[in-house]
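Have a look at the structure below before the remarks.
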Amino acid sequence: MRTVPVPLSGVRAADQASAAMLRGCWYEIDLDAICHNYRQLRSHLPCHVKVYACLKRNAYGCGAGPVASALAKEGVDGFAVASLLDAIAIRQEGLSQQLLLYPGALPAAAPTIQSLDLTVSVSSIEELEQWRAAITRPRVFIKVDLGFFRAGATPFDAGKLLAAAAGLADVQVEGIYAHMSELPTKQGSDANKQFDRMQAILREASGFGWRPAVVMMTSTEGVLNHPDMDFDAVDPGALFFGLPESDKPTRPVMLRPALKSICSSLVSVKRLDASLGPAPTIFGKNPGILGVIGMGWGDGLPRQIPGGAVGLVRGQRARLLPPAHLEHMRIDLTDVPDARYGDQVVLLGRQGDQSITHEEVAALWGTDIVGLYAQLRDHIPRIYSARQTDKGTHNE
Ligand SMILES: *Cc1c(COP(=O)(O)O)cnc(C)c1O
């Protein structure tokens, strides 16, 4: 079987700063904010509750390797990801914490999974058998579905699966978990029903003498609002990046955003004249000075530039002009006449006394803040900033 090659996203943090310079655009990620958010969570959890940081989607766009390293220094107990590539990035940092693969990896990747000492999720006896055939002594977490209607054994099937797994000497059952999540119909009772189902599964397991080492069911929304459902471990993700899902959580954490800025540069500036003919009507108001930004929809910016979208140049807000291109976007520099080729353009974040907030960008892009993070592209270099203070707030 082929081994998985080292992915490009595994570029080390130190190389990212020079990549940012070469590429002319970058994301600035605040590792202190991520560590601050972790400490906020930790301060509200009983000591015995472990934290498995969910760093899926390349740590919500912030870079799985560097984020995992920062959290490991804070004492995080383990990690969880869906993509094997994210798991590789974490292990490449030399981290040996328990690393859970959510459903996503397949037995074809067994050699890599085994060599990286990963724990796989198992939702059915069929999956269990396939992993046993592929890996000697697989490390598994049993996954149950408590009402999210995604992966995981149903509460009815869970008992049989647990009994089967627990009876196999060559399978290391490390725990049982669920993704307690509420589908868009928000009813508080839903969480309690899911909790009851987990309790019933555990009762059934104890009936045949099995007590899992780790029971885990809450992610960001659950850990913030249902302290009674902590069990042995929690696996939030969004929380570390400052993305709380409810406004007034039961556990009153103060979170800071991980993404400090999206920066690009002016790769062209010109004064328009009549020799080009009239400017296209799609621009709306006719620009006197036209700038081009070296970043486009292929770099995670919206395919359609929404009306009202701006960038900051020389501390001023300047209109982005449609249409967007794969790696280029136009900007109206008429009101920033001293703008120069090479100037930095901030698409999210602060420049001078102007700032473009996460909320503003998410609203313009027609998404929420988690959606904004999910649009961060792995090929854009990330610069990691770490301030020493711990006093920052959302809008600094
Ligand atoms: C995404 C995910 C999480 C983390 O969810 P957040 O809402 O980001 O905290 C936890 N468990 C599973 C299985 C997930 O897919």
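Numbering of ligands and ligand atoms starts at 1, following listing order. Just so you know, residue 1 is the first one in the sequence shown, and it goes up from there. Values below: all heavy atoms of this structure, side chains included; hydrogens, waters and symmetry mates excluded. Since the model is a prediction, treat every value here as computed from it, not as a measurement.
- Scanning for side-chain hydrogen bond (donor to acceptor under 3.5 Å, both in side chains) contacts around Arg251 gives Asp230, with sequence neighbours left out.
- For Gln199, the side-chain hydrogen bond (donor to acceptor under 3.5 Å, both in side chains) criterion is met by no residue, not counting sequence neighbours.
- In terms of the side-chain hydrogen bond (donor to acceptor under 3.5 Å, both in side chains) criterion, residue partners of Ser275 (sequence neighbours excluded) are, by chain and number, Asp273.
- The distance from the OG atom of Ser206 to the CG atom of Leu162 is 11.0 Å, given to the nearest 0.5 Å.
- Using cut-offs of 30° and 60° for the angle between ring planes, the Tyr373 and His358 rings count as parallel.
- Ring centroid separation for the pair Tyr27 and Tyr384 does not come in under the 6.0 Å cut-off.
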Just the distances, no angles: every ligand 1 N or O to protein N or O pair closer than 3.5 Å, one line each.
from: ligand 1; atom 1: 7 (O); to: Glu245; atom 2: OE2; distance (Å): 3.0
from: ligand 1; atom 1: 8 (O); to: Tyr60; atom 2: OH; distance (Å): 2.5
from: ligand 1; atom 1: 8 (O); to: Ala238; atom 2: N; distance (Å): 2.8
from: ligand 1; atom 1: 9 (O); to: Thr220; atom 2: N; distance (Å): 2.8
from: ligand 1; atom 1: 9 (O); to: Thr220; atom 2: OG1; distance (Å): 2.5
from: ligand 1; atom 1: 9 (O); to: Gly237; atom 2: N; distance (Å): 2.8
from: ligand 1; atom 1: 11 (N); to: Tyr102; atom 2: OH; distance (Å): 3.1
from: ligand 1; atom 1: 11 (N); to: His179; atom 2: ND1; distance (Å): 3.1
from: ligand 1; atom 1: 11 (N); to: Asp235; atom 2: OD2; distance (Å): 3.1
from: ligand 1; atom 1: 15 (O); to: Lys56; atom 2: NZ; distance (Å): 2.7
from: ligand 1; atom 1: 15 (O); to: Arg150; atom 2: NH2; distance (Å): 3.0

